[in-house]
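What follows is one structure encoded as structure tokens, with my remarks underneath.
Chain identifiers are assigned alphabetically (A, B, ...) following the order of the sequence lines, protein sequences preceding nucleic acid strands; residue numbering begins at 1 within each chain. Every value quoted in this text rests on a predicted model; they were computed, and no experiment measured them.
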Protein chains: 2
Amino acid sequence: MANNKYQFFIFLYMNGQNYPEFTGLELSPRKVDYLKFIFEKRGTVKTTEISSCLQVDPSTTSKTLNELANAGYLNHVPYRGVDLTELGKAYAEFLVRRHRILSLLFTHYGLSTEEACTEVSRFEAFVSRDAVNKICSSMGHPLIGVCGEISHEKCFHEEHYH
Amino acid sequence: MANNKYQFFIFLYMNGQNYPEFTGLELSPRKVDYLKFIFEKRGTVKTTEISSCLQVDPSTTSKTLNELANAGYLNHVPYRGVDLTELGKAYAEFLVRRHRILSLLFTHYGLSTEEACTEVSRFEAFVSRDAVNKICSSMGHPLIGVCGEISHEKCFHEEHYH
DNA sequence: TGATAATTTGGGATTACACCAAATTATTCT
DNA sequence: AGAATAATTTGGTGTAATCCCAAATTATCA
């Protein structure tokens, strides 16, 4: 999706904080995996760790990490590791929330936790932030997701836009 | 997904009919669009018609049609047009059902018909047939979808497998 | 039949993703 | 410290899914 060396986000200042504006469709499926993984690890993450978890060659990881850094989601110190930028954190928070909301949704329709999780992992990258926000609202901003707690901290609801 | 020149399906004989076994993940997003379009047009469809609807160059359509024919979904008479094979019909029926079930689902969570349709179009290719069947069962096999009637004719439910 | 329209072919590009081999840098151990 | 080892990055490649353009082919219509 974003091969561009740089990606620009417009930030919206609100309640004393800056929120990036995004559609939720900025990252390719695999990049979503990387960012979610790094987010959940917290702190600095090494290439090897990511490689073995995502089951790809370290060289693949290295290149992807570099792309995510160029797009502004990560700080990358070569040979040392990566960690999330502020944008990366905000974005990853959305990614995790999206994954959990969608997984929770699917468990309400006869899928087991694992099935829902697997299924959602396959397509989540293509579900917009607007849709996620609407679903989230409609479900009453649930706190318990099937793959962990759902954070609504930086969750924008439509009300805020207008 | 399927670059293989040929795709093989195992057919399950049941109730005097043959049902192909498939995961629902056989076709790439764009191929799903092509098949759904051809299905909904019914009969023989010409390259130009598809091109203008899917907004792509006729040469792109021509090539994709050829791939779908090689994979067994279409009969393609060069310079004349395409129509669905039996496999193509059965598969397209699933594709349309999947689209409608998922769209209907999303309209229950605060998305308008158009929003749901757009959203689902983006990711439907990655939702498995098993998941669709479970969701469908769980919703009580609804007949009215947001983008038309939902057919359950060749809809396999888990009960049938065991 | 000859012009025009539709279709296909051949060539080429891009993006996303992956691997291998070789080079580079960090770490560890003696 | 200095060498061996491990981790990481780079460079080179490959595939699948899309797309477009230009040229060739086939159909259609007047």
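We find that CD1 of A:I50 is positioned 13 Å from P of C:dA18, with the value rounded to whole Å. Rounding to whole angstrom units, CG of residue B:L65 and P of C:dA6 are separated by 16 Å. In this structure, the CG atom of B:N66 is 6 Å from the P atom of C:dT9, given to the nearest Å. What separates NE2 of B:H76 from P of D:dT26 is a distance of 13 Å, to the nearest Å. Atom NZ in B:K31 sits roughly 10 Å away from atom P in D:dC19 (whole-Å rounding). Rounded to an integer number of Å, the gap from A:Q55 CD to C:dC19 C1' is 15 Å. As a whole-Å value, the separation of B:E67 CD from D:dC19 P is 11 Å. Atom C1' of nucleotide D:dC20 and atom CZ of B:R30 are separated by 14 Å, given to the nearest angstrom.
B:T107 is linked by a side chain to side chain donor-acceptor pair (under 3.5 Å) to nothing, counting only residues two or more places apart in sequence or in another chain.
Judged purely by distance below 3.5 Å, without hydrogens or angles, the side chains of B:D130 and B:S128 never pair a donor atom with an acceptor atom. Under 3.5 Å, the side chains of B:N133 and B:R97 contain a donor-acceptor pair of N or O atoms.
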Before you tell me yes or no, could you show the steps for A:Y73 and A:K31 under side-chain contact (heavy atoms from CB on, under 4.5 Å), namely the whole-Å CA-CA distance, both residues' side-chain angles and the distance that decides it to 0.1 Å? CA-CA 10 Å; A:Y73 298 97; A:K31 295 218 170 90; over 6 Å; no
Atom pairs, N/O to N/O, protein against nucleotides 21-26 of chain C, distance under 3.5 Å?
| unit_1 | atom_1 | unit_2 | atom_2 | d |
| --- | --- | --- | --- | --- |
| C:dT24 | O2 | A:Y79 | OH | 3.4 |

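Side-chain proximity of B:P58 to C:dT8, D:dC19, D:dT9: nearest is C:dT8.
Mapping A:K46 and B:T47 onto DNA chain C via the closest heavy atom, the residue that lands nearer the 5' end is B:T47.
Taking only distance into account, the side chain of B:K63 never meets the base of C:dG12 through a donor-acceptor pair shorter than 3.5 Å.
Between A:F123 and A:F106, the distance separating the two ring centers is shorter than 6.0 angstrom.
Of the candidates A:H99, A:R98, A:R100, A:R100 is the only one forming a side chain to side chain contact (heavy atoms under 4.5 Å, CB included) with A:V96.
Contact annotation: B:T64 does not reach the phosphate of D:dT18 (side-chain N/O to OP1 or OP2, under 4.0 Å).
With contacts defined as side-chain heavy-atom distances shorter than 4.5 Å, the pair A:F94/A:V132 qualifies.
If you check every strand for non-hydrogen atoms under 4.0 Å, B:T60 touches a base.
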